[in-house]
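Take a look at the structure below.
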Amino acid sequence: MSYLILSAIVIAISYYYDRLKQSEKVTKGVNALFYVLICFSLCLFAGLRTRYNDTYAYIEGFSEVTTNFNDIFVGDFSISKVYLFRIWNFLIYNFISKNANVYLFLCSIVFVFPAVRLIQKYSKQFTFSMILFMFAGMYLFSLAGLKQAMATGVILMGLPHLFKKQYVRYYLFCVLSISFHAYSIFFLILPLLGVEIFNKRTVIFCLTIIAIGMLLPYISGAIAAIIEFLGKDVSEETLQTGSVNILRAFVYLVPFVLTILSINNLKTTSIEEKWLIKIGILSTVFMFLSLFGNPILFGRIPQYFLMGTVISMPLLIERTFVKRELSLILFLAIVCYIIFGVYGLYIDGAFSKDIFGLIWL
């Protein structure tokens, strides 16, 4: 229930901000005020939690942070050791606070502030995108996996450089992101795919990911070897165990279908919009991959690319449907995504217990 209260607060603030923008009463100061207010609300909630998914493990790990900086680099080098995340923990624990809730709050800043900034800057419908942010899984993902969320936040900081073709700067953010979580390595491929939404390179890459999913039982040994190279031991049996919820896969398919339906109307979109749509498509494709493999190993990869969907969905709806249908379609989309988010909370048990273990000031 606490999550629904947070969502209502954030969406209400977003809606009021949208109304002010429409009346052209938003100054730079007001713009910054709403931005900080929304981000602070989200970071505060993240900082107040004591559990949810991997939260307990991160709190326990933070309590065991070394006071000797050299201990961070003990042992053989491995990408999966996420050295920058370890350095981050060391600096907070030894120079800022040993309080776990302060730690969670500060970690959330790395994800929330760049995420909301991108939505604010590029979304056609800020309120709708914030609803997607809260109910499509993006924000919940940040509460579930700290390292993954921080890695995503660093990537989001780098995306504006990708849009401007500043590839060296973009790759610098990619390297920093990989130092928080190895899954960020997938973002290295983006500049190689090109700007156009369905160019040959993008189609080939998407088909390759789909083929990997369908052939996973036959190539699991090779996949396990790649994961081992990244520094994590995973058995072939583990790779093929389980699957994501089919409903989740269908939800992720929606922006992909809308992109295909409106492809002729997307030719005049900006470079930034084309990149965001492409990133959303990759989220769909990686979700398809997770249908065939372990949901923990594969199911979180689509979350890295979900921001593309969060921002581009209003544009896709606008370019797919005629003007007289837009209000109805937007309303139905909002209702469906809220139902999807509430269903996810129900599955997690959010209506029978406090799954976040919030502490109150």
Side-chain angles (χ1 to χ4, degrees), residues 2-49 101-143 146 149-164 169-170 173 176-177 180 270 272-273 275-276 279-280 303-315 330 334 337-338 341 361:
S2 59
Y3 189 85
L4 294 181
I5 295 173
L6 170 70
S7 299
I9 292 172
V10 169
I11 293 168
I13 297 172
S14 301
Y15 178 74
Y16 185 61
Y17 171 70
D18 258 345
R19 293 295 297 271
L20 284 178
K21 282 201 303 182
Q22 291 172 6
S23 63
E24 299 181 350
K25 295 181 180 179
V26 178
T27 63
K28 287 185 177 180
V30 172
N31 196 61
L33 175 63
F34 276 90
Y35 170 64
V36 171
L37 189 59
I38 291 171
C39 290
F40 179 77
S41 301
L42 294 169
C43 291
L44 181 62
F45 186 91
L48 290 175
R49 77 188 192 276
N101 294 104
V102 173
Y103 166 67
L104 294 174
F105 176 85
L106 294 175
C107 289
S108 183
I109 288 175
V110 178
F111 168 74
V112 168
F113 274 75
V116 175
R117 177 56 182 154
L118 277 181
I119 296 172
Q120 184 185 47
K121 187 173 183 180
Y122 296 112
S123 176
K124 293 285 188 180
Q125 295 277 349
F126 180 72
T127 304
F128 181 33
S129 287
M130 287 305 300
I131 290 172
L132 295 181
F133 184 71
M134 298 303 297
F135 288 103
M138 192 92 198
Y139 179 67
L140 270 176
F141 163 69
S142 74
L143 302 178
L146 204 59
M150 294 179 73
T152 304
V154 175
I155 284 291
L156 297 181
M157 295 179 205
L159 285 182
H161 298 291
L162 174 67
F163 301 158
K164 298 174 184 177
R169 293 183 181 181
Y170 170 73
F173 279 96
L176 293 175
S177 181
F180 278 100
S270 66
E272 293 87 351
E273 289 168 339
W275 272 120
L276 289 164
I279 291 169
Q303 298 285 351
Y304 282 80
F305 297 89
L306 187 56
M307 182 54 72
T309 297
V310 168
I311 297 177
S312 66
M313 268 294 283
L315 172 65
L330 280 172
I334 289 171
Y337 272 106
I338 290 177
L361 300 178

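Numbering of residues begins at 1 and proceeds along the displayed sequence. Bear in mind the structure is a predicted one, so any value in this text is a computation, not a measurement. Below, each value reflects all heavy atoms present in this structure, side chains not excepted, and no hydrogens, waters or symmetry copies.
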**Prompt:** Distance from L176 atom CG to M150 atom CE, nearest 0.5 Å?
**Reply:** 11.5 Å

**Request:** Describe, in one word, how the ring planes of F111 and F141 are oriented to each other, choosing from parallel (under 30°), tilted (30 to 60°) and perpendicular (over 60°).
**Result:** perpendicular

**Request:** For the residue pair I311 and K121, establish whether any side-chain heavy-atom pair is separated by less than 4.5 Å.
**Result:** no

**Fill in**
Looking only at heavy atoms, the pair that brings L6 and F45 closest together is CD2-CG, 3.4 Å

Side-chain atoms of residues 151-161: list all donor-acceptor pairs with protein atoms under 3.5 Å, sequence neighbours left out, distances to 0.1 Å.
residue : atom : partner : partner atom : Å
T152    : OG1  : Q148    : O            : 2.8
H161    : ND1  : Q166    : OE1          : 2.7

**Spacing of OH belonging to Y103 relative to SG belonging to C107, to within rounding of 0.5 Å** = 4.0 Å

**Item:** Reported CH2-to-OH distance for the pair W275 and Y122, which is rounded to 0.5 angstrom
**Value:** 13.0 Å

**Asked** To the nearest 0.5 Å, how far apart are OG in S7 and CG in L140?
**Response** 8.0 Å

**Fill in**
For S129 and V310, the nearest pair of non-hydrogen atoms, with its separation, is OG-O, 2.7 Å

**Message:** Could you tell me if the side chain of N101 sits less than 4.5 Å from the side chain of F105, heavy atoms only?
**Reply:** no

**Prompt:** Who are the ring pair (Phe, Tyr, Trp, His ring centres under 6.0 Å) partners of F40, not counting sequence neighbours?
**Reply:** none

**Request:** For M130 and S14, work out which heavy atoms get closest and say how close.
**Result:** CG-OG, 3.5 Å

**Request:** Quick one: pull up CD in Q125 and CG in L330 and give me the separation to the nearest 0.5 Å.
**Result:** 5.5 Å

**Request:** To the nearest 0.5 angstrom, please state how far the SG atom of C39 sits from the CD1 atom of I109.
**Result:** 9.0 Å

**Item:** Nearest non-hydrogen partners of Y3 and M134, listed with the distance
**Value:** OH-O, 2.5 Å

**Asked** Under 6.0 Å between the ring centres of Y35 and F113?
**Response** yes

**Request:** Would you check if Y17 and T127 make a side-chain contact, meaning some heavy-atom pair closer than 4.5 Å?
**Result:** no

**Item:** Non-neighbouring partners of Y15 that pass side-chain hydrogen bond (donor to acceptor under 3.5 Å, both in side chains), sequence neighbours left out
**Value:** R19

**Asked** For E273, what residues pass the salt bridge (charged side-chain N to carboxylate O under 4.0 Å, His left out) criterion, not counting sequence neighbours?
**Response** K124

**Request:** Could you list the residues that satisfy salt bridge (charged side-chain N to carboxylate O under 4.0 Å, His left out) with K21, not counting sequence neighbours?
**Result:** D18

**Request:** Using side-chain hydrogen bond (donor to acceptor under 3.5 Å, both in side chains) as the criterion, list what pairs up with R117, not counting sequence neighbours.
**Result:** Q120

**Asked** In a check of side chain to side chain contact (heavy atoms under 4.5 Å, CB included) between I38 and each of I13, I9, V112, which one passes?
**Response** I13

**Prompt:** Can you name the nearest heavy-atom pair linking A149 to S142, along with the distance?
**Reply:** CB-CA, 3.4 Å

**Side-chain donor or acceptor of S41 paired with backbone N/O of L37 under 3.5 Å** = yes

**Prompt:** Closest approach of A46 and Y139, non-hydrogen atoms and distance?
**Reply:** N-OH, 3.6 Å

**Request:** Determine whether F135 and L4 make a side-chain contact, defined as any pair of heavy atoms from C-beta on separated by less than 4.5 Å.
**Result:** yes

